[in-house]
A.B. asks: 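Once you've had a glance at the structure underneath, I'll fire off some questions.
Chain identifiers are assigned alphabetically (A, B, ...) following the order of the sequence lines, protein sequences preceding nucleic acid strands; residue numbering begins at 1 within each chain.
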Amino acid sequence: DQVLHIVPETFQQVQHLQHLCRTLLLDLWKPLLPQDIRAGEDLHIRVPAPLVKEVKDSLNQHMISYKVLIPDVQELVDQSMPRERSNHRQVPEGYDYTEYHPMEEIYQWMIQIQNSNSELVTQHYLGKTFENREMYYLQISQPSDKAKKIIWMDCGIHAREWISPAFCQWFVKEILQNYKSDPKISRFLQNLDLYVLPVLNIDGYMYSWKEERLWRKNRSSYGNGTCYGTDLNRNFNSSWGTVGVSYNCSSEIFCGPGPESEPETRAVAQFIEQKKSDILCYLTIHSYGQYILTPYGSTTEPPSNNEELMLVAKQAASALMGKYGTDYQVGPTSLILYNNSGSSRDWAHMIGIPFSYTFELRDKGTYGFLLPSNQIQPTCEETM
Amino acid sequence: ELSPSHFSASRAAALAAAYLCYRRGSPSRGLALRGVRRARREDIADVGHKYHLELLLEDVLAKDTTVNCTAEVLYPLGNQKSAPDVQFTLEGELRDTAEADNAFYNRIKSLDQELVAENIPDSQGNVPPALKPVHLLAWVASGYLIWQNSTENTKFQLAQVKRVKQVKRSDEYLEFDYLVLFHEMVSQEIIPWQMRVLWHPQHGVQVTED
């Protein structure tokens, strides 16, 4: 729907406009009634979308000039009012991947995804969070007689980085929608299994929806309930507690009382440890900053396969840039960002997983953690 | 010489961009750091560390518009509590925003009641169009706070405007009382800050802390 601004110049134009309004039953915003339309005075009309062309053609035909005051009325309405979260958003066919979803919807989405793609997708239990919620990952695996290597991807280790779980969901959707038609994806699945954990820090993610949007850590309680949360990405057993951390619960980078002290960390670590000889690549998705980060954060000493790690990452960054021109920087965390120990990415590499990367998605700080939902699609498309 | 992606270069660049935005920004013009072209660090005995930077900035409202910039950031030695010294030169002219600035100014002046708003952007990242200049003004003004409080070990970004209240004035200036949240990248902390912002289309932005 559009709102047009017209200043009729002659009596004839006024008559034509009145005729148009009456016959098409157009919504007059100013003045309120057709009989009040006057030459030389502002006229604002809302034209429903299906009639926009007809009305503009008619105006042009009668040499009546107009300006588009509001190009999209719905957009303005949506922006001025928060949209109701309806309960009808569970079905993947109707699932809106360009919106952020609360955890309850993501749980249901996982079940639906398994149900509608049961030949390829199975949901597996990983463990429980501090607040006793169930952690599940999705396994995307094409039946085959040959043993396949695994690519693991987790999202949402930090609660406030909402674009990250949004990407995991998008990724799954893209693979499932295109594996039959896209030769690259189908070849991929012939040789590799994909394991996707859409939200690692479930308690934290829910807390960021309900209580504090910019929460980062999990929700484990310390000091008799006086302080909450360990930074899960400082809690892994990779040079744990040495650098870039705090030993104080009140800090955002509190590494916990010990390595793998958190149930969420243990759930992931135990699983990956068990499967490590089959895991080719470990990916962990964060925001923001636009980086592809390689090991290590705890030291500037390069990993043994640094050249290969960098080469692959640079190719990824350049492919990403090819889509929308978005610029990602590549390199080890210790040089690009800061020193940190206990990260999941470092740990994965240290236990022998050759390709281990942290992705920091859009943007570079303009919106930061509050990335608008209209950027979900381009962010996810370029990252695919 | 530093790699442009090294964190000390990107921290100095972020500071320079914030300062620059404060000096040259308005409710219709925000400047953000797009990238670092070159970076060099000079250690000056008894004074501090000076970073020589070549930066690429983008206009937040017209993302394809970029401007080159050279900047020098001098962080004083640790014991001094003064703000880093920033000098910069922009290549070419910035987009003229007088019309948009005046339109915003007049719109606020003609409000029946003082403007009040919260959570910009909201949780989903949305900013209502009418509040975009208010958001941008916060972005510009926060450049002042970032400049005053940065060290080589910090990198601040404005995360959200928690609350803004217009303050009635008898003179021609517009005044806003902002409660903003900063994200500090190294500690990952979210830091609230209160600032009073004065603005007039011809007189630029002025910030006082509370």
A.B. asks: Give, as side chain, backbone, both or neither, the part of S10(B) having an atom under 4.5 angstrom from any heavy atom of chain A.
C.D. replies: side chain
A.B. asks: Considering only heavy atoms from C-beta outward, does the side chain of L335(A) approach that of S3(B) to under 4.5 Å?
C.D. replies: no
A.B. asks: Select one option (side chain, backbone, both, neither) describing which atoms of R11(B) are under 4.5 Å from chain A's heavy atoms.
C.D. replies: side chain
A.B. asks: Which atoms form the tightest heavy-atom contact between G125(B) and Y367(A), and what is the distance?
C.D. replies: O-CE2, 3.7 Å
A.B. asks: Can you tell which of M185(B), Q188(B), E189(B) has the highest number of heavy-atom pairs within less than 4.5 Å of chain A?
C.D. replies: Q188(B)
A.B. asks: Counting only heavy atoms closer than 4.5 Å, note whether L131(B) contacts chain A via side chain, backbone, both or neither.
C.D. replies: neither
A.B. asks: State, with a plain yes or no, whether a side-chain heavy atom of R160(A) is found less than 4.5 Å away from one of I190(B).
C.D. replies: yes
A.B. asks: Side chain, backbone, both or neither: which part of D122(B) has an atom under 4.5 Å from a heavy atom of chain A?
C.D. replies: backbone
A.B. asks: Would you say R163(B) has more than 12 foreign heavy atoms packed within less than 6.0 Å of its CZ?
C.D. replies: no
A.B. asks: What part of S334(A) lies closer than 4.5 angstrom to a heavy atom of chain B: side chain, backbone, both or neither?
C.D. replies: backbone
A.B. asks: Could you report the tightest heavy-atom contact between K364(A) and L33(B), atom names first, then the distance?
C.D. replies: CD-O, 4.3 Å
A.B. asks: Under 4.5 Å heavy-atom distance to chain B, tell me which part of F369(A) shows up: side chain, backbone, both or neither.
C.D. replies: side chain
A.B. asks: Can you name the closest pair of heavy atoms from L370(A) and S123(B) and give their distance?
C.D. replies: CD2-O, 4.3 Å
A.B. asks: For the residue pair F7(B) and Y338(A), what are the closest heavy atoms and their distance?
C.D. replies: CD2-N, 4.0 Å
A.B. asks: Can you confirm whether more than 12 heavy atoms, excluding those of K168(B), are under 6.0 Å from its NZ atom?
C.D. replies: no
A.B. asks: Please report the closest heavy-atom contact between A32(B) and T366(A), naming both atoms and the distance.
C.D. replies: CB-OG1, 4.2 Å
A.B. asks: Is the number of heavy atoms from other residues, nucleotides or ligands under 6.0 Å of R107(B) CZ greater than 12?
C.D. replies: yes
A.B. asks: Less than 4.5 Å to any heavy atom of chain B: does that hold for the side chain of I336(A), its backbone, both, or neither?
C.D. replies: both
A.B. asks: Counting only heavy atoms from other residues, nucleotides and ligands, does the tally under 6.0 Å from CD of E1(B) exceed 12?
C.D. replies: yes
A.B. asks: Check the pair R213(A) / Q124(B) against side-chain contact (heavy atoms from CB on, under 4.5 Å), numbers first and verdict last.
C.D. replies: CA-CA 10 Å; R213(A) 175 61 176 84; Q124(B) 320 283 322; over 6 Å; no
A.B. asks: Heavy atoms only: give me the nearest S187(B)-E252(A) pair and the separation to one decimal.
C.D. replies: O-CB, 3.8 Å
